[in-house]
Amino acid sequence: MTTFLLVHGAWHSGRSWDRVVPLLESAGHRVLAPSLTGYGDKAHLLGPEVGLGTHIDDVTALIEDERLDDVVLVGHSYAGMVVSGVAHRVPERIAQLVFLDAMVPEDGETAVDVLPVTKRFVDAAVDGWRVPPMPEQPPPFGLFGVTDPGDIAWLRSMLSDQPVRCLQEPVRLGNPAARAIPRTHIHCVSGQPAGITRRPVPADERVRELPTGHDCMITMPVELTELLLEAARYARS
């Protein structure tokens with residue numbers, strides 16, 4: 001049995017994984033998909049003080065409180081920043097890092113450094129600290145790459161504002177032990193908006209692709225699950 005810890009991206013909540021969790025569980029694995037502070041069942045905790053460090057603390061505390069080991073730690077989008085920070089806090093607990101269409105930072109970088117287009121969200125923040133969810137765009141972009149009307153309605157029901165501190169706070173990656181954790185990158189290659197760029201992936205890290213938009217856990221949950229199971233097998237090899 002593998003333990004999967006699925007970390008949602010900006011504006012989303014743990015509910016975004018609802019179509020993936022039962023598929024992994026039916027394959028005999030343990031799955032945790034928490035909502036980070038300020039989202040989902042923790043939306044009431046949203047405030048200007050919530051930042052990247054808050055979310056790294058959230059996930060690190062869950063791993064320690066649940067005594068999780070050999071974790072396949074999956075970060076979607078902004079949560080690539082989060083899982084990177086977590087891996088440097090508790091590298092001995094992580095068997096595999098999966099960057100799911102995610103930001104991949106270097107030490108000391110912010111989300112704006114990794115993806116400069118996000119600066120426009122900071123500049124447009126309401127009351128100086130909260131960023132509303134991105135608007136729906138015409139196909140093939142849709143809402144975070146989701147284009148089915150029913151799926152869009154479901155996705156909208158789970159979105160919350162994003163604190164700008166999450167985008168402005170640098171991540172600290174100072175633990176050399178974290179560099180030994182195997183990495184898989186899953187890229188969603190359909191409907192990519194202008195201004196979204198990916199950094200080159202090192203030759204020793206695995207890359208997989210899904211022919212869908214950004215929120216692949218909603219649009220291609222079966223195919224995503226297969227890639228996550230593959231990543232778990234790779235971690236054990």
Side-chain angles (χ1 to χ4, degrees), residues 3-25 30-46 50-63 66 68 71-87 94 96-105 111 114-115 118 121 130-134 142-146 151-167 169 171 184-188 196 210 212-221 224-225 227-228 231:
T3 297
F4 289 89
L5 179 46
L6 312 178
V7 186
H8 65 82
W11 296 290
H12 291 56
S13 77
R15 290 175 56 208
S16 62
W17 303 100
D18 278 2
R19 296 177 180 177
V20 173
V21 170
L23 297 176
L24 291 171
E25 289 178 337
R30 184 182 183 188
V31 188
L32 298 93
S35 289
L36 300 173
T37 296
Y39 309 97
D41 60 344
K42 299 174 185 172
H44 62 288
L45 300 175
L46 184 72
V50 174
L52 174 61
T54 310
H55 295 155
I56 293 171
D57 289 345
D58 287 343
V59 179
T60 302
L62 179 61
I63 290 172
E66 295 289 332
L68 304 180
V71 175
V72 175
L73 182 59
V74 183
H76 177 239
S77 194
Y78 153 77
M81 305 287 296
V82 179
V83 300
S84 295
V86 172
I94 312 301
Q96 171 89 193
L97 274 175
V98 179
F99 292 89
L100 179 56
D101 219 35
M103 298 180 181
V104 186
V114 178
L115 197 62
T118 56
F121 303 134
R130 56 194 302 157
V131 182
M134 296 173 61
L143 184 63
F144 297 101
V146 178
D151 287 346
I152 288 174
W154 179 58
L155 174 57
R156 283 191 188 284
S157 73
M158 71 181 76
L159 299 180
S160 302
D161 289 353
Q162 173 84 353
V164 295
R165 189 170 181 180
C166 297
L167 307 177
E169 191 172 352
V171 65
T184 294
H185 302 258
I186 301 175
H187 295 162
C188 300
I196 304 297
L210 286 173
T212 189
H214 186 56
D215 277 6
C216 58
M217 70 286 291
I218 294 174
T219 58
M220 297 189 76
L224 173 58
T225 297
L227 292 183
L228 295 179

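- With sequence neighbours excluded, the residues satisfying side-chain contact (heavy atoms from CB on, under 4.5 Å) with Glu25 are Val21, Val31.
- Here Asp101 pairs with Arg198, His214 under the side chain to side chain donor-acceptor pair (under 3.5 Å) rule; sequence neighbours left out.
- Listed for the His12 side chain is a donor-acceptor partner under 3.5 Å among the backbone atoms of Ala10.
- Under the rule for a side-chain contact (heavy atoms from CB on, under 4.5 Å), the partners of Ile63 that lie at least two apart in sequence or sit in another chain are Leu5, Val59, Leu68, Val86, Val90, Arg93, Ile94.
- For Thr212, the side chain to side chain donor-acceptor pair (under 3.5 Å) criterion is met by Thr219, not counting sequence neighbours.
- Residues that satisfy the side chain to side chain donor-acceptor pair (under 3.5 Å) test with Arg165, not counting sequence neighbours, are absent from this structure.
- Side-chain contact between Val82 and Leu52: present, with at least one pair of heavy atoms (C-beta onward) separated by less than 4.5 Å.
- Two residues are said to be in side-chain contact when any heavy atoms from C-beta on lie closer than 4.5 Å; His76 and Phe144 fail this criterion.
- No close placement of the Phe4 and Trp17 rings is indicated, their centers lying 6.0 Å or farther apart.
- A 4.5 Å side-chain heavy-atom check between Glu66 and Val71 finds every atom pair outside the cut-off.
- Taking the side-chain contact (heavy atoms from CB on, under 4.5 Å) definition, one finds that Ser35 meets it with His8, Ser13, Asp41, sequence neighbours left out.
- Residues satisfying the side chain to side chain donor-acceptor pair (under 3.5 Å) test with Thr54, not counting sequence neighbours, are none.
- Looking at residues two or more places apart in sequence or on another chain, you find no salt bridge (Lys or Arg N to Asp or Glu O under 4.0 Å) involving Asp18.
- Annotation: salt bridge (Lys or Arg N to Asp or Glu O under 4.0 Å) contacts of Asp58 (sequence neighbours excluded): none.
- Ring-plane geometry between Phe121 and Trp11 is classed as perpendicular, the angle between the planes exceeding 60 degrees on a 0 to 90 degree scale with a lower cut at 30.
- Not counting sequence neighbours, Pro22 has no partner by the side-chain contact (heavy atoms from CB on, under 4.5 Å) test.
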